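So that we are looking at the same thing, I have put the structure below in structure tokens.
Lettering of chains follows the sequences in order, A, B, ..., and the numbering in each one begins at 1. Just so it is clear, the model here is predicted, and its values are computed rather than measured.
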Amino acid sequence: MLEILGLLIKISLVVGITQGAVAYLILVERKIAAFAQDRIGPNRVGPLGLLQPIVDGVKMFLKEDVTPGYVNKPIFILAPFLTIVTAMIGFAVVPFGPVGPNGPVLMDGPIQFQIAPGIDIGILYIFAVGSLAVYGIILAGYASNNKYSFLGGLRSSAQLISYEIPMGMSILGMVLLVGSLDLNAIVEWQDKHHVWGIVVQPLGFFIFLICAFAETNRLPFDLPESEQELVGGFHTEYSSMKFGMFFLGEYLHVITVSYLVVILFLGGWDVPFLTDSSQTGWLFALIKISALLGKVLLMIVFVMWIRWTLPRFRYDRLMELAWKRMIPLAIANMVVTATVLQLVRG
Amino acid sequence: MFEIQPLQLTQCLLTCLFGGLGTYMMMPHRRYFANPGLVFAIGLGLVVLAASHLLMLGGSPVPIVSKVFFNIFAIFSVVASALMITARDPVHSALWFAVVVLSTSGLFLLAGAGFLAAGTVIVYAGAIIVTFLFVIMLAQSEGKAVYDRLARQPAQASLTGFILIWCLLIVILTNPGNNFESNQSSEPVEVSTRLTPAKDLVRMRKFPVNHPVSRVMNQNLTTELALPETFDATLPPGVPQPHVAGLGAAMYTTHLISSELVGAILFVALAGAVVIATPRVGGKPA
């Protein structure tokens with residue numbers, strides 16, 4: 001019973017914190033946009049505009065929720081919910097801090113900073129959930145009964161399916177090295193060998209990063225939205241909180257992907273002088289959590305910075321990049337890694 | 001042979017009767033009933049009833065949480081498959097198909113086959129059904145065709161389908177090796193050893209000693225082959241192995257030839273697809 005209670009507390013903490021974080025990520029995004037364009041950005045509500053996200057949230061809720069008469073109503077309502085759900089449940093296997101028998105002790109066992117610790121298929125689960133995210137977009141586009149939305153939905157389905165393949169292949173190098181799909185095992189391996197994934201798998205990191213941008217629909221790959229060509233893409237017909245949910249979903253994806261990049265390739269909670277696993281207790285756990293969180297925040301800022309650096313791809317170039325560049329590179333990376341590993345281990 | 005209990009036989013019959021009747025009522029008919037909505041609702045109720053009878057036929061996992069989830073996933077998969085074949089709109093059909101796939105992978109998860117569950121979701125729900133949706137949406141831009149909206153021969157179809165399901169149920173229940181109860185605690189690795197390994201099939205052919213097939217067999221197919229580091233052979237049989245490592249070990253020792261064969265078939269299919277899809281330069285227009 002106590003276990004289930006702890007689980008519920010963990011789940012509500014993760015849900016609450018990520019949703020709150022999303023609100024402030026939007027502020028960060030606007031501030032970075034302003035900086036890139038030599039503007040000041042939101043600065044009217046509260047000191048430095050810090051209350052802006054709350055006001056924005058209230059605005060989202062209070063706006064009139066228009067459901068146009070020509071839409072396919074059940075699917076139209078289902079689509080934003082699917083977006084949120086698929087973005088949220090991926091967090092079940094993401095470790096937010098050190099997981100293992102050496103965690104800080106509370107009650108009668110070490111705390112695991114992960115909703116579901118010890119999942120053997122960890123990263124596969126994230127890929128499985130991530131592959132469902134396409135439903136939210138494609139259904140929104142279809143149900144809107146509007147040709148711009150529909151084009152956005154079709155583009156996105158093709159884009160997401162295509163980029164899933166190199167994304168899945170790019171992590172295989174790391175999986176081969178570590179010998180496990182468990183995210184904790186991957187961090188522990190980097191901790192033990194004093195080397196980050198980016199050093200041993202530079203090509204894998206590069207491919208994963210590019211695919212991560214495509215999977216989150218961020219610029220330079222935001223073809224499903226592409227406001228100059230498609231009005232608002234798949235969410236043209238949505239208003240009020242239904243639109244807000246798509247927004248929320250996108251930023252949740254950015255958080256998940258940033259965690260994945262940091263855990264797979266940037267050492268996770270690895271801190272240079274804290275490699276001894278016997279160092280337990282609250283202080284060390286806190287340091288490790290902050291290290292992980294700091295890296296993730298830097299990664300998120302990087303994602304937002306890229307938005308103002310690169311222009312959007314043309315659609316055919318986008319597909320070419322996936323099928324003719326990324327997939328062969330990912331296969332080559334996998335084969336080379338496997339060969340080298342076999343030769344080294346003998 | 002006939003070890004089936006009368007109660008089970010009745011439940012089989014009721015399952016098929018309710019299921020068949022319910023499916024027939026849910027089908028999109030050419031001639032409308034007086035109240036199609038009511039008929040559909042009654043049909044749906046009958047299918048749910050059939051699904052719950054089906055559940056009573058087999059056992060379910062013991063812990064209460066697993067039991068609840070097992071029942072939810074099982075009923076969802078059966079009812080969603082009925083909704084899938086009776087939906088009027090092909091897009092809805094595809095979506096119900098996605099629900100079927102998701103609940104089936106939930107059942108896989110409960111049975112301890114996490115890798116299979118994740119693979120099913122990635123391949124079927126994430127890629128294949130999305131491709132279906134893609135094709136349906138592109139093909140039906142100017143209204144739905146009659147053959148997509150209406151069932152052609154609902155009565156004959158439900159009758160045949162449910163007679164087949166009845167046969168299947170009887171065969172499953174009378175075959176003691178496949179009893180639901182005896183399958184309760186089976187680990188994925190045990191399931192894999194119940195299939196005839198390909199190496200045994202090859203052994204039956206009795207190749208000469210120097211034949212390449214027997215050389216591969218003798219070198220690679222011994223179970224003493226180096227297992228992955230995470231595979232712990234010292235664990236007692238009851239304790240679950242690290243799942244992916246156990247699956248990988250089984251695939252590349254016991255079932256090596258089958259895996260290689262599947263790989264070869266997929267590669268040939270890939271090459272064929274490339275040949276078919278590539279436009280011929282300088283040739284006749286297709």
Side-chain angles (χ1 to χ4, degrees), chain A residues 1 3-4 7 72 74-75 78-79 82 85-86 89 93 116 118-135 137-139 141-143 145 147 150-151 153-162 164-165 167-168 175-176 178-182 185 189 215 342 345-346, chain B residues 63-65 87 89-92 94-99 101-102 105-106 108-109 112-141 188 226-231 240-249 270 274 277:
Chain A
M1 207 61 230
E3 259 176 55
I4 294 180
L7 202 62
N72 187 336
I75 298 183
L78 180 72
L82 274 181
V85 169
T86 52
I89 55 177
V93 297
I119 298 285
D120 198 23
I121 52 161
I123 192 150
L124 267 186
Y125 170 82
I126 293 186
F127 274 95
V129 170
S131 71
L132 295 180
V134 61
Y135 280 97
I137 296 175
I138 192 174
L139 290 181
Y142 173 75
N145 206 359
K147 64 180 143 188
F150 184 55
L151 275 177
L154 286 185
R155 277 184 179 187
S156 89
S157 63
Q159 173 183 334
L160 293 186
I161 292 182
S162 307
E164 250 163 40
I165 302 167
M167 194 179 195
V175 171
L176 277 174
V178 179
S180 171
L181 292 165
D182 191 350
W189 185 87
E215 289 285 308
Q342 188 62 34
R345 283 186 187 163
Chain B
I64 181 76
V65 180
D89 186 342
V91 173
H92 291 184
L95 289 180
W96 285 119
F97 188 21
V99 175
V101 168
L102 287 181
S105 46
F108 285 151
L109 266 184
F115 187 82
L116 192 58
T120 313
V121 172
I122 294 174
V123 173
Y124 281 92
I128 290 184
I129 299 178
V130 174
T131 318
F132 284 173
L133 276 175
F134 197 88
V135 172
I136 293 169
M137 288 175 181
L138 275 182
Q140 311 250 332
S141 50
L227 293 169
E229 287 155 33
T230 37
F231 186 86
Q241 283 282 350
H243 171 64
V244 181
L247 189 70
L270 180 72
V274 169

Nearest heavy-atom neighbours spanning B:Met137 and A:Tyr142 | CE-CB, 3.1 Å
Specify which of A:Leu78, A:Leu160, A:Val129, A:Ile138 makes the most heavy-atom pairs with chain B at under 4.5 Å.
-> A:Ile138
Quick one: closest heavy-atom pair of B:Ala118 and A:Ala128, and the distance?
->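 Scanning both residues completely, I find the closest heavy atoms to be O-CB, 4.0 Å.
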Which distance, rounded to the nearest 0.5 Å, do you find between the CD1 of B:Ile129 and the OH of A:Tyr135?
-> 4.5 Å
Judged by atom type as modelled, is there a donor-acceptor pair below 3.5 Å linking the side chain of A:Tyr125 to the main-chain atoms of B:Gly114?
-> no
Name the region of A:Leu154, side chain, backbone, both or neither, that has any atom closer than 4.5 Å to a heavy atom of chain B.
-> both
Non-hydrogen atoms of chain B under 4.5 Å away: do they reach the side chain of A:Leu181, the backbone, both or neither?
->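 Just the side chain, heavy atoms under 4.5 Å.
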Search all heavy atoms of B:Ala125 against all heavy atoms of A:Leu132 and return the closest pair with its distance.
->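 Looks like CB-CD2, 3.6 Å.
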Can you list the residues that meet the side chain to side chain donor-acceptor pair (under 3.5 Å) rule with A:Thr86, with sequence neighbours excluded?
-> none
Looking at side-chain heavy atoms only, is the closest gap between A:Asn72 and B:Asp89 below 4.5 Å?
->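 They are in contact (side-chain heavy atoms under 4.5 Å apart), so the answer is yes.
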Among the listed options B:Ile122, B:Leu102, B:Thr131, the residue most often paired with chain A at heavy-atom distances under 4.5 Å |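 Ranked by contacts with chain A, first place is B:Ile122.
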Tell me, side chain or backbone of A:Ile75 under 4.5 Å from chain B's heavy atoms, or both, or neither?
-> side chain
Residues passing the ring pair (Phe, Tyr, Trp, His ring centres under 6.0 Å) test with A:Trp189, sequence neighbours excluded, are A:His193
Contact summary for A:Val134 and B:Gly126, nearest pair of heavy atoms = CG1-O, 4.4 Å
